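What follows is a short report on a single structure.
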Amino acid sequence: MSILPKKNELGFYEIRLESIGGLGANLAGKMLAEAGVLGLGLNGMNFSSYGSEKKGSPVKAFIRFSDPDVQIRAASPIERPHVVGVFHEALYKTVDVVSGLDAHGIVLVNTTRDFDEVREELHLEYGTLALVDALGIAVEEKTKVNTAMLGALFRICDFLDPEAMRAVIRKTFEKKYPHLVEPNLRTFDRGYNEVAFKSYEVPEGSAGKEFVRPEPLLGYETQPIGGVIVNPGNSILKDLSASRQGFLPEYHDSKCIHCAACDTVCPDFCFVWEEGTDKKGRPQMFLSGIDYQYCKGCLKCVQACPVEALTEMREEIGYAEEHRVPQKFILAAN
Ligand code: SF4
Ligand code: SF4
């Protein structure tokens, strides 16, 4: 008898992980597949799709399982997943993360928000939502988001054996980094135990979410004549919020001594200055704030600030837009 809870017409149980580079979705996909193949004797495969950048660009990881007597000959991206795991909330803005989700599918989201808010943003009418604060767990345990997400994914894929995963974690860290074994085991267990579920009734006969294959905006039919580049690689137009891994610098102007140490280390010219005069009436530049539009959350500025006028904060949805101090050249352009 099959241990897989659901299968598509080819006999596959399919999982798609939606993430950004740097959060470890690729490795999480590998470990999930390994747990099914080596731990349970299932057939399985996994691969990821990502761009050339190491951090910040969208990443997808695909995992397929089948019973031992069903061969997996498909190596295509997963379009009708039974489970989707979303590692970073900012992805909603640019990627249709639930595209093609099975009607009875489960979406796991790394978030601190509540079910109804997340459901609304995902435009999810039915199916099951699973929420876990994977980043919060990782910060508290000083580990990585992917281990907490793996814990939650093991709870969702309850045919997999969490003990096998604990053994993999031990094996991975015990030789080189023995001090990381316990925190990673705790992270995995917390992801497993702290994930919360809510199901929304599925209307009879529902097919699930339609899968929309992302097409390039410009093709041979639509590109401007003469090969003109109308949208150059320009950070004024680009939304960098998905590059941040959950943290932002918070500016406390009452503590600032306007020394510009932050500006010196910032790789993206995020700091906005205004001309003024000091107490003796001499001209001086004063820091007015941060243009979060360009901030990739590296937190170099927090380390550089000598007076704690910049501190690390957990990013909340909407904070960057609300507290952004636009660069002067943007105002001039508008
Ligand atoms: S976090 Fe990094 S990118 Fe953002 S303002 Fe600080 S130094 Fe600049
Ligand atoms: S490093 Fe700190 S004190 Fe200096 S300008 Fe930046 S925020 Fe202000």
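First listed ligand is number 1; within each ligand, the first listed atom is number 1. Index from 1, following the sequence. Every value quoted in this text rests on a predicted model; they were computed, and no experiment measured them.
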Margin query: I need the atoms of ligand 2 closer than 4.0 Å to a non-hydrogen atom of V307, numbered in the order shown.
Written below: 3 (S)

Item checked: Top protein contact for atom 4 (Fe) of ligand 1, by heavy-atom distance -> C295 SG, 2.4 Å

Notebook entry, point to check: Counting no waters, what protein N/O/S atoms lie under 2.8 Å from atom 6 (Fe) of ligand 2?
Noted result: C262 SG

Next item on the list: Measure from NZ or CZ of R166 to the centre of the six-membered ring of F188 and say whether it is under 6.0 Å with the direction within 45° of the ring axis.
Entry: no

Check: Is the closest side-chain donor-acceptor distance between E89 and T111 under 3.5 Å?
Finding: yes

Next item on the list: Could you tell me the residue and atom name of the protein heavy atom closest to atom 2 (Fe) of ligand 1, and the distance to it rounded to 0.1 Å?
Entry: C298 SG, 2.3 Å

Checklist line | Atoms in ligand 1 flagged as close to L299, the criterion being non-hydrogen separation under 4.0 Å | finding: 1 (S), 2 (Fe)

Next item on the list: Using a strict 4.0 Å cut-off to heavy atoms of P306, name the atoms of ligand 2 that fall inside it.
Entry: 1 (S)

Check: Hey, are D189 and R155 close enough for a salt bridge, meaning a charged N less than 4.0 Å from a carboxylate O?
Finding: no

Check: Would you say the side chain of L42 lies within less than 4.5 Å of the side chain of S66, judging by non-hydrogen atoms?
Finding: no

Note to self: Keeping T143 on the side-chain end and V139 on the backbone end, is there a donor-acceptor pair under 3.5 Å?
What the structure shows: no

Next item on the list: Would you please classify the geometry between the H258 ring and the W273 ring as parallel, tilted or perpendicular, with 30° and 60° separating the classes?
Entry: perpendicular

Check: Do NZ/NE/NH1/NH2 and the carboxylate oxygens of K296 and D268 come within less than 4.0 Å?
Finding: yes

Check: Would you call E125 and K209 a salt bridge, using N to O less than 4.0 angstrom?
Finding: yes

Margin query: Heavy-atom distances under 4.0 Å decide this one: backbone, side chain, both or neither, for C270 against ligand 1?
Written below: side chain

Notebook entry, point to check: Of the protein's non-hydrogen atoms, which lies at the shortest distance from atom 3 (S) of ligand 1, and what is that distance?
Noted result: K296 N, 3.5 Å

Next item on the list: Would you mind listing the cluster partners of V70? Hydrophobic ones only (ILVMFWY), side-chain contacts under 4.5 Å, chaining allowed.
Entry: L10, F12, M45, F47, F62, I72, I78

Next item on the list: Please determine if R190 and E194 form a salt bridge, counting it only when a charged side-chain N lies under 4.0 Å from a carboxylate O.
Entry: yes

Next item on the list: Pull out every atom of ligand 1 sitting under 4.0 Å from any heavy atom of C266, numbered as shown with elements.
Entry: 3 (S), 5 (S), 7 (S), 8 (Fe)

